[in-house]
There are 2 protein chains.
Amino acid sequence: MAAVAYKINKEKLEKAAFILKTVAHPTRLAIVDLLSIQERLSVNEICTILECEQSLLSHHLINMKLKGILRSEKDGLNVFYSLKERDVTKLIECIENCNCNF
Amino acid sequence: MAAVAYKINKEKLEKAAFILKTVAHPTRLAIVDLLSIQERLSVNEICTILECEQSLLSHHLINMKLKGILRSEKDGLNVFYSLKERDVTKLIECIENCNCNF
DNA sequence: TTTAAATATGAATAAACAATCATATATTTG
DNA sequence: CAAATATATGATTGTTTATTCATATTTAAA
C-alpha cells in the first residue's frame with residue numbers, strides 16, 4: 001500500500017473484508033437479517049424459518065460466533081443466538097436501503 | 001424460506017451475498033475504495049497504488065467487471081476501470097462510518 | 001433411568017477461490 | 001516493422017469454504 005492518500009487504511013480494509021466475507025452467504029446474511037429484527041432466536045427457530053438443515057446451520061452459527069459476529073447463550077435445551085455487534089445491522093440496512101440493481 | 005415475515009426477501013439476500021462476496025477481499029475492497037474517490041483509474045495506476053502484481057490485479061478487475069461491479073473502457077494502451085454502480089460506494093461508506101470494532 | 005429433543009462435532013468430499021507464472025494480444029512509438 | 005508498454009489469458013497449484021452425514025453431548029421430561 002503506498003503513494004496515495006487512502007480513504008480507508010489497510011487494516012480497516014482487512015477487517016471489513018473479513019466481516020464481509022463472513023457474512024457474504026445467503027444463509028448467513030439471512031441469519032443476520034433475522035437477528036436484526038428478532039434480538040435472539042434459538043437454533044431451532046432459525047432452522048425452521050430458514051429451512052436449513054440443522055447441522056449445517058450449526059456450522060454457520062458457530063462460525064459466525066467464532067468470527068465475532070454472533071453471541072450465544074444456553075437456556076436449557078436451547079441455545080439462543082443474537083448479534084454481538086449491533087453494528088452489523090448497519091450493513092444490512094445498507095443493503096436494504098440501497099435500491100441498487102446490482 | 002417460510003413462516004415469518006422477512007425484512008429482506010430471498011432474492012435480495014442472494015444478490016447482496018453475491019456482491020458482498022465479490023467485494024469481500026482486501027484488494028478488491030481497496031479497488032472499490034480507490035474508485036469511489038477517483039472516478040476512473042488505469043490498471044497500471046491501481047497496480048502502482050495497491051502494489052499488486054499486474055496479472056493478479058487484472059484477474060481481480062476482470063472478475064469484478066464480470067460480476068457487474070466495475071466497467072472498463074480502453075484508451076490507447078490503457079484500460080480504465082470505474083465503478084459501474086455508484087451504489088457500491090454506499091457499502092464502503094457504511095464500512096467507513098461504522099466505528100464498528102468488529 | 002430410559003427416551004426424546006436440541007445442539008454440536010468431526011470427518012469426508014466437493015466446489016470455489018486466490019495466487020503465480022509464463023505467455024499472448026494489442027497498441028504505440030522509434 | 002521492431003521494440004516497448006499495458007493489459008489479458010489460461011493453466012496450474014494450493015488453500016478455503018460449503019455441504020453432508022453420522023454420531024456425540026447435554027438437558028429435560030416421562
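Numbers restart at 1 for each chain; the letters A, B, ... are given by sequence-line order, proteins then strands.
- Counting non-hydrogen atoms under 4.0 angstrom, A:Tyr81 reaches the backbone sugars and phosphates but no base.
- Mapping A:Gly76 and A:His59 onto DNA chain D by nearest heavy atom places A:His59 closer to the 5' end of the strand.
- In this structure, A:Leu50 atom CG and D:dT19 atom P are separated by 13 Å, rounded to whole Å.
- Closest to the side chain of B:Leu56, from the set D:dG10, C:dT9, C:dA19, is C:dA19.
- Side-chain proximity of A:Val79 to the nucleotides C:dA18, D:dA18, C:dA8 is greatest for C:dA8.
- With rounding to whole Å, A:Asp75 atom CG is found 19 Å from C:dA5 atom P.
- Side-chain proximity of B:Gln54 to the nucleotides D:dT20, C:dT7, D:dA8 is greatest for D:dA8.
- When heavy atoms are screened at a 4.0 angstrom cut-off, B:Leu57 is found touching no nucleic acid atom at all.
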| field | Step-by-step side-chain contact (heavy atoms from CB on, under 4.5 Å) determination, B:Arg28 to B:Val23 | value | CA-CA 6 Å; B:Arg28 294 193 301 260; B:Val23 154; 5.6 Å; no
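- Considering only side-chain atoms of A:Leu77, the nucleotide from C:dA26, C:dA8, C:dA5 that sits closest is C:dA5.
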| request: Could you give me the CA-CA distance, side-chain angles and deciding distance for B:Leu41 and B:Ile31, then say whether side-chain contact (heavy atoms from CB on, under 4.5 Å) is met? | output: CA-CA 10 Å; B:Leu41 288 167; B:Ile31 292 169; over 6 Å; no
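- Rounded to the nearest 0.5 angstrom, A:Ile69 CD1 and A:Tyr81 OH are separated by 13.0 Å.
- When all heavy atoms of B:Ser72 and B:Lys65 are compared, the pair lying nearest together is OG-NZ, 2.8 Å.
- For the pair B:Glu73 CD and C:dT27 P, the computed distance is 15 Å after rounding to whole Å.
- Projected onto DNA chain C by closest heavy-atom contact, A:Ser42 and B:Asn63 fall at different nucleotides, the more 5' of which corresponds to A:Ser42.
- For the pair B:Ile46 CD1 and D:dA8 P, the computed distance is 10 Å after rounding to whole Å.
- Nearest heavy atom pair, residue B:Ala17 against residue A:Ala24, reads O-CB, 3.8 Å.
- Distances shorter than 4.0 Å separate none of the side-chain N or O atoms of B:Asn44 from OP1 or OP2 on D:dT5.
- Among C:dT7, C:dA16, D:dT20, the nucleotide with an atom closest to any side-chain atom of B:Lys21 is C:dA16.
- Both A:His25 and B:Asn78 lie near DNA chain D, and the one whose nearest nucleotide falls closer to the 5' end is B:Asn78.
- In this structure, the nucleotide among D:dT19, C:dT9, C:dT7 sitting nearest to the side chain of A:His60 is D:dT19.
- B:Leu61 comes within contact range of no nucleotide atom at all, as no heavy-atom separation falls under 4.0 Å.
- Distance, B:Phe18 CZ to D:dT17 P: 18 Å, rounded to whole Å.
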